[in-house]
Protein chains: 2
Amino acid sequence: MPCVYEYSRPALTVDCVVFGFDGGDLQVLLIRRGLEPFKDRWALPGGFVHLDETLDEAARRELAEETGLREVFLEQLHTFGAVERDPRERVVSVAYFALVKPTAATAATDAAEAEWFPVASIPPLAFDHAEIFAAALARLRGKLRYDPLGFELLPPKFTLSQLQGLYEAVLGTALDKRNFRKKVLGFDLLVPLNEKHRDGAHRPAQLFRFDPAKYRRLKKQGFLFEL
Amino acid sequence: MPCVYEYSRPALTVDCVVFGFDGGDLQVLLIRRGLEPFKDRWALPGGFVHLDETLDEAARRELAEETGLREVFLEQLHTFGAVERDPRERVVSVAYFALVKPTAATAATDAAEAEWFPVASIPPLAFDHAEIFAAALARLRGKLRYDPLGFELLPPKFTLSQLQGLYEAVLGTALDKRNFRKKVLGFDLLVPLNEKHRDGAHRPAQLFRFDPAKYRRLKKQGFLFEL
DNA sequence: TTGACTTAGTGTTAATTTAACACTTTATTT
DNA sequence: AAATAAAGTGTTAAATTAACACTAAGTCAA
């Protein structure tokens, strides 16, 4: 714990790994750097923590400033503190990972130098951002199994096929359709809507929404969402 | 990512939640503060991050300085950045959790103002350390289920009863002896030693050691240690 | 030395969960 | 109206988990 305040200090930043899902691939939002070092390289959105804001607030502010995204799912990931991670001086960065729904996601592409990349083909990144990205992806894959994170990547109304496709894209494995549906419907956390999703020359699909309030209630009672 | 370096900076510290197990209760190591603020309150060991060390190094250094502990299991937990968490000025703290084996643990009690407390009866803590402690305990409980962390809290040679007692103490639930033994032996990660643990007027117990190298090998192949 | 005591150690069975698998339904398009 | 394409639906075998009680091996005291 702090006792004296006389050391010179590292700079403190936040960086965000923003994931999106377009129905096919899991994607990450990157920013092209306009300044040295790593000018013109792709990088994670982020920036300095101000003295009057929490770390979460800093992450949300930077995300809004650099990508236009607001109201996204945001969770702290890990803090990266290698001594030479920034070539100029000591910078410690608190990394976040964010999940955005497709509706919000399109807004991000408006941002001048922001672009979505499929996670399987990320360009070379500035600083240690490749390491941060890898950690975020590993975390997302891990958490998806026992936390209903997936819904943060889908529109508010979605079909079971979309949900399954998301799980398959993130986890990188094929899932059995019948077993998948049995399982997720068994939790009783998906509310069927009076609405169908029409999409091409075939049978339309039932739309559902996720019931987050019910999930929170169940979680307090020790319930675990497991895939 | 950093672009300019002109903001005034938060101070950066590390704090460690050090867990130990005495065969009965899960315990935490606390330090009595000698200085204001929170003078004479109990607090987590920790201190400032120097410019020439990583965060992990800072945590190990502070742990050694304040408690005498070295070579402990150490993992980054979460970074705490509430604006008013230190009453004097803005301080952001990277929290770690540490697991120490009983052999090492006794060394810690030599440290002047360090003391072990059962996690069920922690005194009031300085700063936001109660929150950090709660996060660490939740993380330990969560991770114990799917990561072989428990061995970091036991001596290198241990009996299955000791191992089970540890799991029960941390998770707070009773476990079935036969099922527990079947499960952990089934992983084939415990090596029986040519040695028995004698302890009182009853049958002595087989001693085992954990095989970390084998575990790492299996983990790479997607194996999960699950209780 | 023997009997009482205490913890170590051990298997079987029922219940639950998971994994594998194929056809019918409902819309659109031509 | 026929072709197409994804949606939707149950059963069974296999694997895992949960429940449960006695014997074994040592120490200690009478």
Side-chain angles (χ1 to χ4, degrees), chain A residues 21-24 144-146 150 154-155 157-169 171-210 218 222-227, chain B residues 21-24 144-146 150 154-155 157-169 171-210 218 222-227:
Chain A
F21 181 62
D22 67 354
L144 195 66
R145 290 172 198 282
Y146 61 88
L154 290 177
K157 302 170 178 184
F158 53 86
T159 70
L160 292 182
S161 294
Q162 290 173 325
L163 184 64
Q164 182 178 346
L166 167 62
Y167 271 80
E168 291 178 331
L171 300 178
T173 59
L175 300 171
D176 180 89
K177 180 159 64 157
R178 280 176 291 189
N179 293 337
F180 180 83
R181 295 162 101 92
K182 228 180 302 170
K183 186 102 176 205
V184 299
L185 290 176
F187 294 139
D188 218 42
L189 287 167
L190 299 188
V191 182
L193 302 171
N194 289 326
E195 217 173 327
K196 305 256 175 194
H197 178 70
R198 285 184 170 69
D199 172 39
H202 52 83
R203 179 171 177 174
Q206 175 69 50
L207 283 165
F208 293 86
R209 67 175 183 83
F210 176 62
L218 287 171
F223 164 85
L224 245 187
F225 180 95
E226 287 255 22
L227 198 82
Chain B
F21 180 62
D22 67 354
L144 196 65
R145 290 171 197 282
Y146 60 90
L154 290 176
K157 303 170 179 184
F158 53 86
T159 69
L160 292 183
S161 294
Q162 291 173 326
L163 184 63
Q164 181 177 346
L166 167 61
Y167 272 80
E168 291 179 332
L171 300 178
T173 58
L175 300 171
D176 180 89
K177 180 159 65 159
R178 280 176 292 188
N179 292 338
F180 180 82
R181 294 162 102 92
K182 226 180 303 170
K183 186 101 178 204
V184 299
L185 291 176
F187 293 138
D188 218 42
L189 288 168
L190 299 189
V191 182
L193 303 170
N194 288 326
E195 217 174 325
K196 305 256 175 195
H197 179 70
R198 285 185 171 68
D199 171 39
H202 53 83
R203 179 173 178 174
Q206 175 69 51
L207 283 165
F208 293 86
R209 69 174 181 83
F210 176 62
L218 287 172
F223 165 84
L224 245 187
F225 179 94
E226 286 256 22
L227 200 82

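Keep in mind it's a predicted model, so treat the numbers as computed, not measured. Naming convention: chains lettered A, B, ... in sequence-line order (proteins, then strands); numbering from 1 in each chain.
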Send over the distance from [X] [atom1] to [N] [atom2], rounded to a whole Å.
| X | N | atom1 | atom2 | result |
| --- | --- | --- | --- | --- |
| K177(B) | dT23(D) | NZ | C1' | 11 Å |
| R178(A) | dA20(C) | CZ | C1' | 8 Å |
| L160(A) | dT9(D) | CG | C1' | 12 Å |
| L163(B) | dA8(C) | CG | P | 12 Å |
| R203(B) | dT6(C) | CZ | C1' | 12 Å |
| K183(A) | dG10(D) | NZ | C1' | 17 Å |
| D199(A) | dA7(D) | CG | P | 8 Å |
| F187(A) | dT18(C) | CZ | C1' | 13 Å |

Has [X] got a side-chain atom pairing as donor or acceptor with [Y]'s backbone, closer than 3.5 angstrom?
| X | Y | result |
| --- | --- | --- |
| Q206(A) | P192(A) | no |
| Q164(B) | R181(B) | no |
| Q162(B) | G23(B) | no |

Exercise for review: Take G200(A) and P204(B), find for each the nucleotide of DNA chain C with the closest heavy atom, and name the residue whose nucleotide sits nearer the 5' end.
Suggested key: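 Closer to the 5' end of DNA chain C: P204(B).
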Practice item. Specify the residue among A205(B) and D176(A) whose closest nucleotide of DNA chain C lies further upstream toward the 5′ end. Key: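 Going by which nucleotide is closer to the 5' end, it is A205(B).
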Exercise for review: Could you check whether T159(A) gets within reach of a base, just the sugar-phosphate, or nothing at all, counting any heavy atom under 4.0 Å?
Suggested key: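 The residue T159(A) makes no contact with any strand.
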Point to revise | Touch class at under 4.0 angstrom, heavy-atom based, for K196(A) against every strand present | key: nothing
Practice item. Nearest 0.5 Å please: distance from the CG atom of L175(A) over to the CG atom of L227(A). Key: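 That separation rounds to 6.5 Å.
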Check your understanding: Roughly how far apart are L190(A) CG and F210(A) CZ, rounded to 0.5 Å?
Key -> 7.5 Å
Give a yes/no answer on whether the side chain of [X] brings an N or O atom under 4.0 Å of OP1 or OP2 in [N].
| X | N | value |
| --- | --- | --- |
| K182(B) | dG11(C) | no |
| R181(A) | dG8(D) | yes |
| S161(A) | dA6(D) | no |

Check your understanding: Mapping L185(A) and H202(A) onto DNA chain D by nearest heavy atom, which one lands closer to the 5' end?
Key ->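 Looking at the nearest nucleotide for each, H202(A) comes out on the 5' side.
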